[in-house]
Amino acid sequence: MGIDSPFGQMMSTYFGNFDMACFAANAAIQNDVLTVIAKFFSACGNTLFWFICCVFALVLILFKRTRKAGFLIGCAVVITAIVSTYLLNPMFGRLRPYNALQGNAEYFSWYLSVGGIGESEYSFPSKHAAVMFAVATALFVYVRFELKKKRAWLLFVVAILVTWSRNYLMVHYATDLIAGAIFGILVGFLSLGIYNLIMKFVNKNLKQEQKWDLEIIFKKKFGHPINTQKAALLICVFIPLIITGICFFKDSMPQQKCEYNGRDYICCNKADKKVHIEGTDTDEYRCKLHEK
């Protein structure tokens with residue numbers, strides 16, 4: 001086993017059996033079809049997906065009737081991504097299981113059998129789980145209790161599948177995913193609170209808000225309103241599928257692995273860039289953890 005951070009070692013001590021049992025359960029159902037499905041849902045949480053989601057959220061904000069949904073999506077994604085990337089992941093410093101468990105031949109065979117995918121950062125908590133549960137929670141409360149749609153719980157199905165895919169692909173411990181989901185749920189409620197605070201100020205000038213409703217602008221310019229049914233189908237079905245397809249295609253490309261070969265472990269992370277190695281005449285591909 002590789003040398004993990006103190007937090008990672010503590011997690012392995014108390015939850016190692018649980019994490020390995022979850023890996024073993026997914027290993028028992030590994031097959032080519034499930035691997036493709038897992039990679040598809042895993043693509044819903046990479047950086048490109050989050051960036052496109054934020055652009056998508058800005059478009060929704062331009063329409064008054066979808067403004068709240070757009071704000072909740074954008075706020076949830078931005079908060080979870082920033083806090084996870086720049087605060088939580090570096091603070092806990094837990095290695096990815098494929099780096100920490102290189103002495104476990106059984107785990108490593110499971111990892112390689114589903115493609116040996118590498119990520120470029122620390123493992124705890126899972127940003128995929130955090131982002132998806134943050135968005136699902138915020139939208140669930142909005143859709144279920146304001147729009148009165150009983151099938152709002154379906155939003156959590158996607159979040160659960162994305163979260164499961166990360167454990168199936170062996171790139172996250174189950175405890176990473178549980179922590180990420182809990183953090184995401186909290187951020188989902190925080191996003192709702194932030195929106196309500198902002199709207200207290202906006203509601204004092206509703207006429208001004210109406211002026212930047214793209215639906216009204218469209219009607220004034222072209223003489224007829226936007227077809228809301230077609231727009232809803234495009235927004236809720238086709239655009240998310242297109243975004244996921246783009247990310248799935250990008251993730252399917254061959255990965256350049258990090259070339260760090262330390263005394264503790266051989267890094268299997270995805271390389272981000274090529275860096276010059278001090279004291280040598282060579283350049284190596286390195287992940288974000290080993291750029292320096």
Side-chain angles (χ1 to χ4, degrees), residues 44-45 48-84 127-163 180-222 224-244:
C44 292
L48 176 62
F49 182 86
W50 298 340
F51 174 77
I52 298 176
C53 278
C54 288
V55 175
F56 176 48
L58 288 175
V59 174
L60 292 180
I61 290 173
L62 295 176
F63 296 90
K64 188 174 185 298
R65 67 176 66 195
T66 60
R67 187 161 297 152
K68 185 169 185 177
F71 179 89
L72 293 176
I73 292 171
C75 188
V77 170
V78 169
I79 292 176
T80 48
I82 291 177
V83 174
S84 295
K127 286 185 286 187
H128 279 69
V131 170
M132 297 307 296
F133 271 90
V135 173
T137 300
L139 290 182
F140 171 80
V141 175
Y142 169 59
V143 174
R144 179 65 184 87
F145 298 104
E146 292 191 33
L147 301 184
K148 307 298 182 183
K149 303 293 184 182
K150 294 183 179 180
R151 294 184 180 179
W153 59 269
L154 290 172
L155 291 162
F156 284 106
V157 173
V158 177
I160 291 170
L161 287 171
V162 171
T163 301
I182 293 171
F183 172 57
I185 290 170
L186 295 175
V187 172
F189 284 110
L190 176 62
S191 300
L192 284 162
I194 293 173
Y195 177 83
N196 292 332
L197 286 175
I198 290 175
M199 290 310 297
K200 284 184 178 180
F201 293 97
V202 175
N203 285 336
K204 294 179 180 179
N205 193 1
L206 290 176
K207 291 183 179 179
Q208 187 67 28
E209 186 193 14
Q210 293 284 353
K211 290 180 181 179
W212 51 285
D213 185 351
L214 197 59
E215 186 172 357
I216 294 175
I217 296 172
F218 187 91
K219 185 176 181 179
K220 288 181 178 178
K221 188 173 181 65
F222 297 102
H224 57 84
I226 295 174
N227 187 316
T228 54
Q229 288 187 337
K230 290 183 179 179
L233 188 65
L234 183 68
I235 290 171
C236 298
V237 179
F238 292 116
I239 289 180
L241 284 175
I242 292 171
I243 293 174
T244 305

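For this chain, numbers begin at 1 and follow the sequence in order.
Note that CD1 of I185 and CZ of F140 are 11.0 Å apart. Values are rounded to the nearest 0.5 Å. Atom CG of residue L155 and atom OH of residue Y142 lie 12.0 Å apart, to the nearest 0.5 angstrom. Atoms SG and CG, from C75 and L190 in turn, are 6.5 Å apart once rounded to the nearest 0.5 Å.
Looking at heavy atoms from C-beta onward, L72 lies out of side-chain contact with V141 at the 4.5 angstrom threshold. Residues K68 and N196 meet the side-chain proximity criterion, which asks for heavy atoms closer than 4.5 Å.
Between A57 and G70, the shortest heavy-atom distance links the atoms CB-O, 3.1 Å. In terms of heavy-atom proximity, A152 sits nearest to V143 at CB-CG1, 3.7 Å. Taking every heavy atom of both residues into account, A181 and A129 meet most closely at N-CB, 3.8 Å. Residues R144 and K149 come closest through the heavy atom pair CD-O, 3.3 Å.
Partner of F133 under the side-chain contact (heavy atoms from CB on, under 4.5 Å) criterion, chosen from I160, V187, V162, I182: I160. Checked against I82 for a side-chain contact (heavy atoms from CB on, under 4.5 Å), the options V78, I79, T80 give a single hit: V78.
The ring-ring contact (aromatic ring centres under 6.0 Å, His included) test applied to F71 returns Y195, not counting sequence neighbours. Not a single side chain to side chain contact (heavy atoms under 4.5 Å, CB included) links L197 to another residue, sequence neighbours left out.
Panel note: side chain S84, backbone A81; no donor-acceptor pair is recorded below 3.5 Å.
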